Amino acid sequence: MQIGIIAAMKTEGATLGAAGGKLWAGTTYTLRVSGPGQTNARHAAQLLFRDGCDALLCWGVAGALNPRLGAGTLVLAESVTTEQAGDFNCDRALNETLFERLQAAPNLHRGRVLSMETPLMRAGDKAAAGTRMNSIAVDMESAAVARTAQASGVGFAAVRAISDEVNFDVPAAALAGLNDDGSTSAAAVLTALCKHPREFRALLSLARRFQRAEQSDRKSTRLNSSHQIISYA
């Protein structure tokens, strides 16, 4: 099996350690950094399918919609939902294989992931969306990848690490540094901070949370019954 992995940002993709390699016996992967958002994710997923991948996996970080999920918590999606297009179920066999290899991770949660066109920034909005959509986490890419997988007749799964808790307000300056190619711009963040200096502490706090999330993603690549989920080619 060849799995195509989509990560929105280069920092998320870097937690895998390589653009391609072995996942487990008989399974390899190819990584594409898509850039943030559903349009970018859909394009990356289509390219991976055209390259011969027979399953697609969304990888990276997400916001929490449930108070039990702290920064660094690992989420294995059972399904992905949207407010407009309904639910997309994850591939059962692929999900069970991933669960077997991730269940040794601390604070692993399985549940529904909400995927939206725009980010949820405010604590009140996240809490309301979690209740309304019966979801535990939110991202911006999984629905587009799930939709592409469904249309292409291949399996889909999503693994996310929580970067911001449900009660944490994400500072607007954080979005200023996101580039469409998946890179980040420190200069853009600094410019935004000059306009909104009160966000400085919140931005530092978010950075620490992102570090915990990315550490969870990185550790999860080495967790299974034989203590090695990914051995890089």
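Here the structure is a predicted model, which means the values were calculated and not measured. Throughout, residue positions are numbered sequentially from 1 according to the sequence presented.
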Heavy atoms, side chains only, cut-off 4.5 Å: are [X] and [Y] in contact?
X    : Y    : answer
V75  : L69  : yes
L120 : L65  : yes
L94  : F156 : no
Q2   : Y29  : no
N107 : L74  : no
I6   : W59  : no
S135 : T81  : yes
I3   : L56  : no

Judged by atom type as modelled, is there a donor-acceptor pair below 3.5 Å linking the side chain of [X] to the main-chain atoms of [Y]?
X    : Y    : answer
D91  : A55  : no
T73  : G70  : yes
E12  : A8   : yes
S183 : N179 : no

With sequence neighbours excluded, residues passing side chain to side chain donor-acceptor pair (under 3.5 Å) with [X]:
X    : value
T191 : none
E117 : none
R212 : none
T11  : E214

Contacts under 3.5 angstrom, residues 160-176 side chains, donor-acceptor by atom type, not counting sequence neighbours:
residue, atom, partner, partner atom, Å
R160, NE, D139, OD2, 3.0
R160, NH1, V61, O, 3.0
R160, NH2, D139, OD2, 3.0
R160, NH2, E141, OE1, 3.2
S163, OG, A62, O, 3.3
D164, OD2, K126, NZ, 2.7
E165, OE1, R209, NE, 2.5
D169, OD1, A123, N, 2.7

Please say yes or no: joined through hydrophobic side-chain contacts below 4.5 Å, possibly via intermediate residues, are [X] and [Y] part of one cluster?
X    : Y    : answer
L31  : V159 : yes
M1   : W24  : yes
L16  : L57  : yes
V113 : F99  : no

Would you compute the distance between atom [atom1] of [X] and atom [atom2] of [Y] and round it to the nearest 0.5 angstrom?
X    : Y    : atom1 : atom2 : answer
C53  : I5   : SG    : CD1   : 9.0 Å
R112 : N66  : CZ    : CG    : 13.0 Å
S216 : Q211 : OG    : CD    : 12.0 Å
Q215 : T15  : CD    : OG1   : 11.5 Å
E96  : L98  : CD    : CG    : 9.5 Å
M140 : C58  : CE    : SG    : 11.5 Å

Could you list the donor-acceptor pairs under 3.5 angstrom formed by side chains in residues 32-49, with sequence neighbours left out?
residue, atom, partner, partner atom, Å
Q38, NE2, M116, O, 3.3
N40, ND2, P36, O, 2.8
N40, ND2, D180, OD1, 2.8

Note: L178 and M9 closest approach over all heavy atoms is CD2-CE, 3.7 Å

Flag if over 12 foreign heavy atoms under 6.0 Å of CZ, R92:
no

Check the pair L76, H109 against side chain to side chain contact (heavy atoms under 4.5 Å, CB included), reporting the backbone distance first and the verdict last.
CA-CA 6 Å; L76 176 62; H109 286 256; over 6 Å; no

Residues D87 and S79: side-chain donor-acceptor under 3.5 angstrom
no

